[in-house]
Visitor: 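Got a structure here, written out as structure tokens. Questions coming.
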Amino acid sequence: MSSSDSLTITRPDDWHVHLRDGETLPHTVRDIARYFGRAIVMPNLVPPVVTVQDAAAYYERIKREVPEASQFEPLMTLYLTEQTRIEAVRQASNDELVHAFKLYPAGTTTHAEFGIRSIESSYPVFAEMEKQEIPLLLHAEVNTDDVDIFDREAVFIDRHLIPLTRQFPDLRIVFEHITTTTAVQYIEATFDKVAATITAHHLMYNRNDMLAGGMRPVYYCLPILKRKQHQQALLKAATSGNPAYFLGTDSAPHPRSTKENSCGCAAGCYTAHAALELYAEVFEGLGKLDRLENFASHFGADFYGLPRNSDTIKLVKQSWDVPDTISFGANELVPIKAGQQVAFKVVPE
């Protein structure tokens, strides 16, 4: 239901989020639990979440931080390493908390040092995942010196994803945080078992926002922001009404000290403070606000084989100021749109 200044939709879910751990967990859980019903939680802690026991312990730590008024439910994932065995897949398939395995090619992003160096060596694990109907979540980039950082996603599709889907045609795959026209074209040619998440920041920005006039660390993420033509392809895909695409923020907090660092900028954009509101701005700007509900609330649940949420939330056209910084444990972080206004706000019904 919608009017010119409000929109009521099924409670949305976030199908890709980083909550971190320890003293920062209360802050990230507070933000993600404001109105999301569920979220697929990334396992790239140090050490990573690799067993069902690890996932259960992390789940309990998250649940302790969920505000009493929230019904937020974390959906756990396991980090695929070169030590992952078929038995781990079988254990995961029998565990009610674990919903997927995450594949990071080694060295591609934050805490990916535990990841896979040879994807082909994990084919026996993928075969068991296909058999057990457990989704594989992909950070789909190569990380080799011969490939430019802006081409990593497209090369991954050619070198690894196409052979993977040919070998395992019934393996359900989520191609996470897609960033290129190549990825959009691939998804639209193959959607059945392969779907994709799209972040708010890849819809809102392109590499000029990050680089023109000087480096802006707040926009640095991996996969990196691409040219405007790729941004336009993502905008068209997200608002198309195609069930292959659904909301995954990839909200990834880093303290300001590691984002604004002369020795290297941490990769990740924090959007959980205003995630749905940012997507609403994007969809409204394209005259597609009526398609936000499917993208945010329906298509992801359908792909994962989970029931859609049964309650609703209300967005109103009401501007509010994003703070310059947000508390992050003993530190602070700079969120997306820091010091600017957001045009939508989620309010109690």
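Predicted, not measured: the structure shown is a model, and the values here were computed from it.
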Visitor: Can you see whether K226 engages T179 through a side-chain donor-acceptor pair at a distance of less than 3.5 angstrom?
Guide: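 Yes, a side-chain donor-acceptor pair sits under 3.5 Å.
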Visitor: When you compare the side chains of E284 and Y279, does any donor N or O come within less than 3.5 Å of an acceptor on the partner?
Guide: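 No, Y279 and E284 have no side-chain donor paired with an acceptor closer than 3.5 Å.
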Visitor: Assess whether atom CD of E23 is packed by more than 12 heavy atoms of other residues, nucleotides or ligands within 6.0 Å.
Guide: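 Correct, the count exceeds 12.
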Visitor: Within 45° of the ring axis of F150 and under 6.0 Å from its six-membered ring centre, is that where the NZ or CZ of R207 lies?
Guide: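 Satisfied, under 6.0 Å and within 45°.
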Visitor: Can T249 and D14 be counted as having a side-chain donor-acceptor contact under 3.5 angstrom?
Guide: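 Yes - a donor-acceptor pair under 3.5 Å links their side chains.
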Visitor: Mark yes or no: K259 above the aromatic ring of Y220, with NZ or CZ under 6.0 Å from the six-membered ring centre and no more than 45 degrees from the axis.
Guide: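 The answer is no, since K259 fails at least one limit relative to Y220.
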Visitor: Within the 3.5 Å criterion, strictly below it, is a donor on E277 or Y35 matched to an acceptor on the partner's side chain?
Guide: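 Result is yes, a qualifying pair exists.
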Visitor: Work out which heavy atom in V218 is nearest to a heavy atom in V334; give both atom names and the distance.
Guide: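 In this case the closest contact between V218 and V334 is CG2-O, 3.7 Å.
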Visitor: For the CZ atom on R30, are there more than 12 heavy atoms of other groups (residues, nucleotides or ligands in this structure) within a distance under 6.0 Å?
Guide: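 Yes.
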Visitor: What are the two closest heavy atoms between L136 and L138, and how far apart are they?
Guide: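 Taking L136 first and L138 second, the nearest heavy atoms are CD2-CD2, 3.8 Å.
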Visitor: Check whether the side chains of T10 and H298 place a donor and an acceptor atom closer than 3.5 Å, and report yes or no.
Guide: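 There is such a pair (donor and acceptor under 3.5 Å, judged by atom type) between the side chains of T10 and H298.
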Visitor: Answer yes when E128 and R85 have at least one side-chain N-carboxylate O distance shorter than 4.0 Å, and no when they do not.
Guide: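 No.
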Visitor: Does a salt bridge link R159 with D146, judged by any charged N lying under 4.0 Å from a carboxylate O?
Guide: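 Here R159 pairs with D146 in a salt bridge, since their nearest N and O are under 4.0 Å apart.
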Visitor: Compare every heavy atom of L333 with every heavy atom of P253, then report the nearest pair and how far apart it is.
Guide: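 Smallest heavy-atom distance, with atoms named: CB-CD2, 3.7 Å.
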Visitor: Please give me the minimum heavy-atom distance between A183 and I157, naming the atom from each residue.
Guide: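 Taking A183 first and I157 second, the nearest heavy atoms are CA-CD1, 3.8 Å.
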Visitor: Checking L7 against L289 for the side-chain contact (heavy atoms from CB on, under 4.5 Å) test, could you report, in this order, the C-alpha distance in whole Å, the side-chain angles of both residues, the deciding distance, and whether it holds?
Guide: CA-CA 8 Å; L7 177 72; L289 195 56; 3.9 Å; yes
Visitor: Compare every heavy atom of V322 with every heavy atom of P335, then report the nearest pair and how far apart it is.
Guide: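 Minimum heavy-atom separation between P335 and V322: CG-CG1, 3.9 Å.
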Visitor: Before accepting this row, confirm whether a basic side-chain N of the pair D21/R61 lies closer than 4.0 Å to the acidic partner's carboxylate O.
Guide: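 Here D21 pairs with R61 in a salt bridge, since their nearest N and O are under 4.0 Å apart.
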Visitor: For K102, is there an ion pair with E176 - N to carboxylate O distance below 4.0 angstrom?
Guide: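 Looking at E176 and K102, the cut-off is met.
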Visitor: In terms of side-chain heavy atoms, does H27 have a donor or acceptor partner in S327 at a distance below 3.5 Å?
Guide: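 The criterion, which ignores hydrogens and geometry beyond distance, is not satisfied for S327 and H27.
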Visitor: Going through the distances and angles, do T180 and Y186 end up as a side-chain hydrogen bond (donor to acceptor under 3.5 Å, both in side chains)?
Guide: CA-CA 10 Å; T180 60; Y186 174 81; over 6 Å; no
Visitor: Pick out which of V29, T24, D31, L45 makes a side chain to side chain contact (heavy atoms under 4.5 Å, CB included) with L19.
Guide: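 Exactly one candidate clears the test, V29.
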Visitor: Is V142 reachable from I178 through a run of I, L, V, M, F, W or Y residues, each pair having side-chain heavy atoms under 4.5 Å apart?
Guide: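 Looking at the clustering, V142 is in the same group as I178.
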Visitor: Side chains of Q53 and Y58: do they bring a donor and an acceptor to under 3.5 Å?
Guide: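 No, because no side-chain N or O of Q53 sits under 3.5 Å from a partner of the opposite role on Y58.
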Visitor: Is the closest side-chain donor-acceptor distance between E141 and H139 under 3.5 Å?
Guide: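 The answer is yes; a qualifying pair exists.
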Visitor: Would E281 and K337 pass as an ion pair if we require N to O under 4.0 Å?
Guide: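 So E281 pairs with K337 through a salt bridge.
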Visitor: Applying the side-chain hydrogen bond (donor to acceptor under 3.5 Å, both in side chains) test to T181, which of Q229, R227, H230 qualifies?
Guide: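 Among Q229, R227, H230, the one meeting side-chain hydrogen bond (donor to acceptor under 3.5 Å, both in side chains) with T181 is H230.
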Visitor: Go through it in stages, so that I can follow the logic: the residues are H99 and R38, the test is side-chain hydrogen bond (donor to acceptor under 3.5 Å, both in side chains), and I'd like the CA-CA distance, side-chain angles, deciding distance and then a yes or no.
Guide: CA-CA 12 Å; H99 292 265; R38 297 165 292 199; over 6 Å; no
Visitor: Can you hop from I86 to V50 via hydrophobic side chains spaced under 4.5 Å?
Guide: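 Different clusters.
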Visitor: State which residue, out of H16, H18, H202, fulfils the ring pair (Phe, Tyr, Trp, His ring centres under 6.0 Å) condition with H177.
Guide: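 Single ring pair (Phe, Tyr, Trp, His ring centres under 6.0 Å) partner of H177 among H16, H18, H202: H16.
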